[in-house]
2 protein chains.
Amino acid sequence: MASPTPTPPNNRPDALTLEVVELIGEVVARFHEDYEEAAAEHTLTGAQARLLSLLCLEPLPMRRLAQRLKCEPSNVTGIVDRLEARGLVERQSDPADRRVKVAVATEEGRRVARSLRESLRFAREPLAGLSEGERVALRDALRGMLG
Amino acid sequence: MASPTPTPPNNRPDALTLEVVELIGEVVARFHEDYEEAAAEHTLTGAQARLLSLLCLEPLPMRRLAQRLKCEPSNVTGIVDRLEARGLVERQSDPADRRVKVAVATEEGRRVARSLRESLRFAREPLAGLSEGERVALRDALRGMLG
DNA sequence: TTCAGATGCTTCAGTAACTGAAACAACCAT
DNA sequence: ATGGTTGTTTCAGTTACTGAAGCATCTGAA
């Protein structure tokens, strides 16, 4: 009766796992903090920054944006509205299907997104404290977690 | 001589670093998603869940809560209001300084927080896919990043 | 061809998170 | 006591977000 269930992945996290979870939480918190701060430096909210970054890679219809951001389409409308009002994003209607509006980053929008990406110091500075070997180990562990 | 400068933090992120940054971004996204989902299962918002988790460790005055959550005290008022309305948190005035209100988790609040913590599957499940050695390497790399 | 249903976006309540200013009470040092 | 500081709340205003309509457009089948 020492171990009732046969090592289910859900029960009894060992100390090592717990510490890693704790550390990941810390990393998440700092990353977020840094991201919001970088966004604020460009007078953007976090949501606006995320959307703009997505559009910087490729134009996307509103519906896809909602899927990427994991929120309702009606929400995307507002965020795009505000970005459009500032000239960072444009709505183009898709000639192939006139229902869909494709959001596309303007030149200015792409510039802001690039600048934003560069001011994201976190995960660059702290990573610098790691040796090459440690970075490789980190990469492999993260890959393993996500795969 | 092998490394002239102790790895200048600002310039020229190499491919490895970039990939790690990318992976961390992915981990952050999944962690957040999971956290919000776990919170929603308990009819809590993310902010409420974070605050309740803090209080589960120790009672805190409003001001400290604001510092921990990195937001304005006036914001904390609202979040605690809503948690208090649901009996998960209580306000007690500090006898030593009658200005300060100490927020403390109720029994029910602690129970919810515990349950929340347990339903946080992410970073436990994917971690299970890692060998002990990999987990140690991950821990050390994360420690290095945060220290 | 036409029309009923599906799909994409917006609009409209309604809630929560958040900020910054202003009000208040209680503390503290002179 | 008095004046300045500090902890909390209140208030107005913005954004993010959801879910239910609503409108326009597309699509498939009769």
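Throughout, a chain's letter reflects where its sequence line sits, starting with A, and its residues are numbered from 1.
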- Item | side chain to side chain donor-acceptor pair (under 3.5 Å) contacts touching residues 47-57 of chain A (sequence neighbours left out) | none

- Rounded to whole Å, the CD1-P distance (Ile79(A) to dT10(C)) equals 12 Å

- Within a strict 4.5 Å, meaning less than it, do heavy atoms of the Glu33(B) and Lys70(A) side chains meet? yes

Sort me out a list of protein N/O and nucleotides 19-21 of chain C N/O pairs below 3.5 Å, or just none if empty.
| from | atom 1 | to | atom 2 | distance (Å) |
| --- | --- | --- | --- | --- |
| dT19(C) | OP2 | Glu72(B) | N | 2.7 |
| dG20(C) | O6 | Ser74(B) | OG | 2.8 |

- Shared-cluster residues of Leu65(B), by chain and number - hydrophobic side chains joined below 4.5 Å: Leu44(B), Leu51(B), Leu52(B), Leu54(B), Leu55(B), Leu60(B), Met62(B), Leu69(B), Val76(B), Ile79(B), Val80(B), Leu83(B), Leu88(B), Val89(B), Val112(B)

- With sequence neighbours excluded, what pairs up with His42(A) under the side-chain hydrogen bond (donor to acceptor under 3.5 Å, both in side chains) test? Ser115(A)

- Hits for salt bridge (charged side-chain N to carboxylate O under 4.0 Å, His left out) against Glu134(A), two or more places apart or cross-chain, chain-then-number order -> none

- Value in whole Å for how far the P atom of dG7(D) lies from CZ of Arg91(B): 16 Å

- Query: Arg111(B): what forms a salt bridge (charged side-chain N to carboxylate O under 4.0 Å, His left out) with it, not counting sequence neighbours?
  - Reply: Glu108(B)

- Go through the structure and list residues passing side-chain hydrogen bond (donor to acceptor under 3.5 Å, both in side chains) with Glu132(B), not counting sequence neighbours. none

Give me the distances for all protein-to-nucleotides 24-26 of chain D N/O pairs that come in under 3.5 Å?
| from | atom 1 | to | atom 2 | distance (Å) |
| --- | --- | --- | --- | --- |
| dT25(D) | O2 | Arg99(A) | NH1 | 3.4 |
| dC26(D) | OP1 | Arg98(A) | N | 2.9 |
| dC26(D) | OP2 | Arg98(A) | NH2 | 3.4 |

- Task: Mind checking salt bridge (charged side-chain N to carboxylate O under 4.0 Å, His left out) for Arg68(A) and listing every partner two or more places apart, or none if nothing turns up?
- Result: Glu58(A)

- Message: In whole Å, I'd like the distance from the NE2 atom of His32(B) to the P atom of dC17(D).
- Response: 11 Å

- Within residues 42-69 of chain B, find the residues that approach DNA chain D with a heavy atom at under 4.0 Å, and present them sorted by residue number. Pro61(B), Met62(B), Arg63(B)

- Residues forming a side-chain contact (heavy atoms from CB on, under 4.5 Å) with Val28(B), sequence neighbours excluded: Val28(A), Phe31(A), His32(A), Ile24(B)

- Message: List the residues meeting side-chain hydrogen bond (donor to acceptor under 3.5 Å, both in side chains) with Glu19(A), not counting sequence neighbours, and say none if there are none.
- Response: Arg143(B)

- Taken to the nearest whole Å, NZ/Lys101(B) to P/dC27(C) is 12 Å

